[in-house]
Number of protein chains: 2
Amino acid sequence: MAPEALTRGADWLSGAGLRPTRQRVLLAGILVGDGADRHVTAEWLHDAAGRVGDKVSLATVYNTLRAFSDAGLVQEITVDGTGSYFDTRTEDHPHFYWEGSNSLTDASADELQIARLPSPPEGMEIAKVDVVIRLRPKAN
Amino acid sequence: MAPEALTRGADWLSGAGLRPTRQRVLLAGILVGDGADRHVTAEWLHDAAGRVGDKVSLATVYNTLRAFSDAGLVQEITVDGTGSYFDTRTEDHPHFYWEGSNSLTDASADELQIARLPSPPEGMEIAKVDVVIRLRPKAN
DNA sequence: CTCCGTGCAAATAGTTTGCAACCAA
DNA sequence: TTGGTTGCAAACTATTTGCACGGAG
């Protein structure tokens, strides 16, 4: 892992007022160290940390992802009941879910145009619209 | 529970080639006995069966809902990691998720118009588009 | 020095499964 | 008869929590 990735991770943390502990800086570095958007599971992030050498307990990975999510640094996404994904891109945007590999990627937000949305019931407002486009291998 | 509800449930089952056991007929009757669409959790359905008098084990409720879902009689929906809902309406349509009460209702399909959808990546096709509109109480 | 953060193990929630008894066809 | 179905308890997966120790401010 590149040293500037850790620096970038640390900046990302302090921007949200989170204390930059060793574990958090490492996980943050993995998540945003190269500037790319990522969709990770707790399990994947735990393994990734282990691969880099430093190890972080799985419970801490969960706690940390929750802290990041509460701080608005990542967005939690659930697609099927089993496991959730954390997305480093926090704007509202649609996702592709790849049924074969159970992975999640961004779909470009410009390509989704919702012309009309059901009006919210009395006394309610729309908090967020989750759009997941499920992909399957083309049957050819 | 009205007797014709059971009849209707039994018909619903046989239409899908599922063996009409006592438990299945009961659960089916609760689900579609009055012709209304329903969004239930396993837990809710289990309790509902108990309220009617006959009891069905929770494991059987799960197995049964899975069987219904495999047979295409209901649709499984996951909105947040915790628990899934089974919808008796099987066409593709958007849902409202009520954040206060953790319940799920239908949103009218005509009121959602998607003008443009991201094109699926090479070799993939769109299996389904899940749209969940999250509602929160209006902050007034 | 004082708390928040961490690690481990145990707890929890939701769901599935193994297996013997049962029942619809 | 025969294979699908049920119930119970135990297994499982994903996630959270209690508690003692450790490190950041």
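We name chains A, B, ... by the order of the sequence lines, and we start the count at 1 in each one.
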Are any protein N/O atoms closer than 3.5 Å to N/O atoms in nucleotides 7-9 of chain C? If there are, list each pair with its distance.
residue: C:dG7; atom: OP1; partner: A:Gln23; partner atom: NE2; Å: 3.2
residue: C:dG7; atom: OP2; partner: A:Ser57; partner atom: N; Å: 3.3
residue: C:dG7; atom: OP2; partner: A:Thr60; partner atom: OG1; Å: 2.5

(message) At 10 degrees resolution, what angle do the end axes of the helix from C:dC1-D:dG25 to C:dA25-D:dT1 form when each is taken over five base pairs?
(response) 30°
(message) Which residues pass the salt bridge (charged side-chain N to carboxylate O under 4.0 Å, His left out) test with B:Glu122, not counting sequence neighbours?
(response) none
(request) May I ask you to check whether over 12 heavy atoms, not counting those of B:Lys128, lie within 6.0 Å of atom NZ? (result) yes
(request) Quickly work out the B:Glu43 CD to C:dT12 P distance and round it to whole Å. (result) 16 Å
(message) If the condition is ring pair (Phe, Tyr, Trp, His ring centres under 6.0 Å), which residues does A:His46 pass it with, not counting sequence neighbours?
(response) none
(request) Round to the nearest Å and state the distance from A:Arg24 atom CZ to C:dT6 atom C1'. (result) 10 Å
(request) Please name the pair of heavy atoms, one in A:Ala67 and one in A:Arg24, separated by the smallest distance, quoted to 0.1 Å. (result) CB-NH2, 4.3 Å
(message) Mind checking if A:Thr41 touches a base, just sugar-phosphate, or nothing, with heavy atoms under 4.0 Å?
(response) nothing
(request) Taking only the side-chain heavy atoms of B:Ser84 (C-beta and beyond), determine which of C:dA25, C:dT15, C:dT6 contains the nearest atom. (result) C:dT15
(request) Over all heavy atoms of both residues, which pair between B:Thr78 and B:Ser84 is shortest? Give the atoms and the distance, please. (result) OG1-CB, 4.0 Å
(message) Using heavy-atom distances to pick each residue's nearest nucleotide on DNA chain C, tell me which of B:Tyr85 and B:Pro20 is more 5'.
(response) B:Tyr85
(request) Please determine if a side-chain N or O atom of B:Tyr62 lies less than 4.0 Å away from the OP1 or OP2 oxygen of C:dT15. (result) yes
(message) What is the distance, to the nearest angstrom, from the CZ atom on B:Arg19 to the P atom on C:dA25?
(response) 7 Å
(request) Please collect all salt bridge (charged side-chain N to carboxylate O under 4.0 Å, His left out) contacts where either partner lies in residues 75-88 of chain B, sequence neighbours excluded, each pair once. (result) B:Arg66-B:Glu76
(request) Return the set of residues passing ring pair (Phe, Tyr, Trp, His ring centres under 6.0 Å) with A:Trp44 (not counting sequence neighbours), or none when no residue passes. (result) none
(request) Would you jot down, in residue-number order, the residues of residues 5-18 of chain A having a non-hydrogen atom under 4.0 Å from DNA chain D? (result) none
(message) Are the side chains of B:Phe96 and B:Ser103 in contact, using a 4.5 Å heavy-atom criterion?
(response) no
(request) Go through the structure and list residues passing side chain to side chain contact (heavy atoms under 4.5 Å, CB included) with B:Pro20, not counting sequence neighbours. (result) B:Leu13, B:Val25
(message) With a strict under 4.0 Å distance from non-hydrogen atoms of chain B, what nucleotide opens and what nucleotide closes the contacted stretch of DNA chain D, reading 5' to 3'?
(response) D:dG3 to D:dA9
(request) Please list, chain by chain and in numerical order, all residues satisfying side chain to side chain donor-acceptor pair (under 3.5 Å) with B:Arg136, sequence neighbours excluded. (result) A:Glu125
(message) Is the shortest side-chain heavy-atom distance between A:Arg134 and B:Ile126 below 4.5 Å?
(response) no
(request) Using side chain to side chain donor-acceptor pair (under 3.5 Å) as the criterion, list what pairs up with A:Asp11, not counting sequence neighbours. (result) none
(message) Using the salt bridge (charged side-chain N to carboxylate O under 4.0 Å, His left out) criterion, which residues pair with B:Arg22? Sequence neighbours excluded.
(response) B:Asp54
